[in-house]
Amino acid sequence: MTAQKTYIFMDFDGVTHPLGGVEDFRSLPLIEGVLRDYDEAHIVISSDWRMLYSLPRLSGRFSPDIRPRVLDTTPQLFAHQEAELYGLREREAMLWLSHRQLDAATTAWCAIDDAPGNWPTRSRLVLTDFKRGFGEEDATALRHMLEALRQGIRPRARPQQEGFIRCA
């Protein structure tokens, strides 16, 4: 039985490399190592880099075997008030899913980001430390998340939750 396609909404700064440092994508091989064990996992880039670079250029950062699994970028929504910034990336991801006629509640999806305010549904977030980017602890959390999604376990939405949950 083939697992249901899983979508990973992925940030770059603070994930693939430390925020504010050299943009060398040093953590990307660790992320790709996890992805190689989950053929059903596909990347949708939610990073602000999507506003500066084309999808082919963004996907070119990934290894040749992972590159075909970089499907798209999320649409860009604009916050007209400061309060609208909270959860903006998640709203963009939900819009991406809806454009593909996918139900966010039943579709296998998660996010990798360093900013918890971007993702009110914290139960689907692998939160990285922006100072170091994606590390071994995050790889373990992503494996747990993808394994649960593979088994059909959908994290429950907890949009009002304080803090965040690491899948462990």
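Bear in mind that the values here come from a model prediction, so they are computed numbers and not experimental data. The first residue of the sequence shown is numbered 1, and numbering continues consecutively from there.
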**Q.** Same apolar cluster (I L V M F W Y, side chains within < 4.5 Å links), Leu55/Leu28
**A.** yes
**Q.** Chi angles and distances behind the side chain to side chain contact (heavy atoms under 4.5 Å, CB included) call for Val22, His17
**A.** CA-CA 7 Å; Val22 178; His17 47 263; over 6 Å; no
Q: Look only at the side chain of Thr128 and the backbone of Gly133, and say whether a donor-acceptor pair between them is shorter than 3.5 Å.
A: no
Q: Consider only side-chain heavy atoms of I, L, V, M, F, W and Y, link residues closer than 4.5 Å, and tell whether Leu88 and Val15 are in one cluster.
A: no
Q.
One thing to verify: whether Arg26 and Asp24 come together as a salt bridge, which I'm taking to mean a side-chain N less than 4.0 angstrom from a carboxylate O.
A. yes
Q: Could you walk me through whether Thr73 and Trp49 pass side chain to side chain contact (heavy atoms under 4.5 Å, CB included), step by step?
A: CA-CA 10 Å; Thr73 61; Trp49 284 53; over 6 Å; no
Q: Answer yes or no: is there a donor N or O on one side and an acceptor on the other, between the side chain of Glu92 and the main chain of Leu77, under 3.5 Å?
A: yes
Q) Could you state the interatomic distance from CZ (Phe130) to CG (Asp113), rounded to the nearest 0.5 Å? A) 12.5 Å
(Q) Looking only at the side chains, is there a donor atom on one of Arg89 and Thr74 sitting less than 3.5 Å from an acceptor on the other? (A) no
Q) Measuring from Glu32:CD to Arg61:CZ, what's the distance to the nearest 0.5 Å? A) 12.0 Å
Q.
What's the separation between atom OG in Ser59 and atom CG in Leu71, rounded to the nearest 0.5 Å?
A. 10.0 Å
Q. Roughly how far, to the nearest 0.5 Å, is the CG atom of Asp11 from the CG atom of Asp48?
A. 7.0 Å
Q) How close do Arg36 and Pro29 get, heavy atom to heavy atom, and via which atoms? A) NH1-O, 4.5 Å
(Q) When you group the ILVMFWY residues by side-chain heavy-atom contacts below 4.5 Å and let the links chain together, are Leu97 and Leu95 in the same group? (A) no
Q.
If you compare all heavy atoms of Ser27 against all heavy atoms of Phe134, which two are closest, and at what distance to 0.1 Å?
A. OG-O, 3.1 Å
Q: Please lay out, stage by stage, how Lys5 and Leu102 fare under the test side chain to side chain contact (heavy atoms under 4.5 Å, CB included).
A: CA-CA 11 Å; Lys5 192 176 276 191; Leu102 297 169; over 6 Å; no
Q.
Which heavy atom of Asp37 sits nearest to which heavy atom of Arg150, and what is that distance?
A. O-NH2, 3.1 Å
(Q) What's the separation between atom CD1 in Ile8 and atom CG in Leu146, rounded to the nearest 0.5 Å? (A) 4.5 Å
**Q.** Under 3.5 Å donor-acceptor, Ser54 side chain and Arg57 backbone
**A.** yes
Q) Looking at CZ of Arg143 and CG of Leu35, how far apart are the two atoms once the value is rounded to the nearest 0.5 Å? A) 9.0 Å
Q: Decide whether Leu52 and Val70 are clustered together by the hydrophobic rule: side chain heavy atoms of Ile, Leu, Val, Met, Phe, Trp, Tyr closer than 4.5 Å, transitively.
A: yes
Q) Would you call Gln4 and Leu149 a side-chain contact if the rule is heavy atoms closer than 4.5 Å? A) no
Q: Return yes if some donor-acceptor pair links the side-chain N/O of Thr107 with the main-chain N/O of Trp109 below 3.5 Å, else return no.
A: no
**Q.** Same apolar cluster: Leu19 and Leu127, side chain cutoff 4.5 Å
**A.** no
Q: Could you check whether the rings of Tyr7 and His42 sit parallel, tilted or perpendicular, using 30° and 60° as the cut-offs?
A: tilted
Q. How are the rings of Phe62 and Phe12 set relative to one another: parallel (under 30°), tilted (30 to 60°) or perpendicular (over 60°)?
A. tilted
Q) If only atom types and distance count, is the side chain of Glu90 paired as donor or acceptor with the main-chain N or O of Thr121 below 3.5 Å? A) yes
**Q.** Evaluation steps, side chain to side chain contact (heavy atoms under 4.5 Å, CB included), between Thr16 and Ile31
**A.** CA-CA 8 Å; Thr16 61; Ile31 296 167; 4.2 Å; yes
Q. If you look at every heavy atom in Trp119 and Arg122, which pair is closest and at what distance?
A. O-NE, 3.0 Å
Q. Is it true that a side-chain atom of Arg91 and a backbone atom of Glu84 form a donor plus acceptor pair closer than 3.5 Å?
A. yes
Q | Arg69 side-chain N/O to Ala41 backbone N/O, donor-acceptor pair under 3.5 Å | A | yes
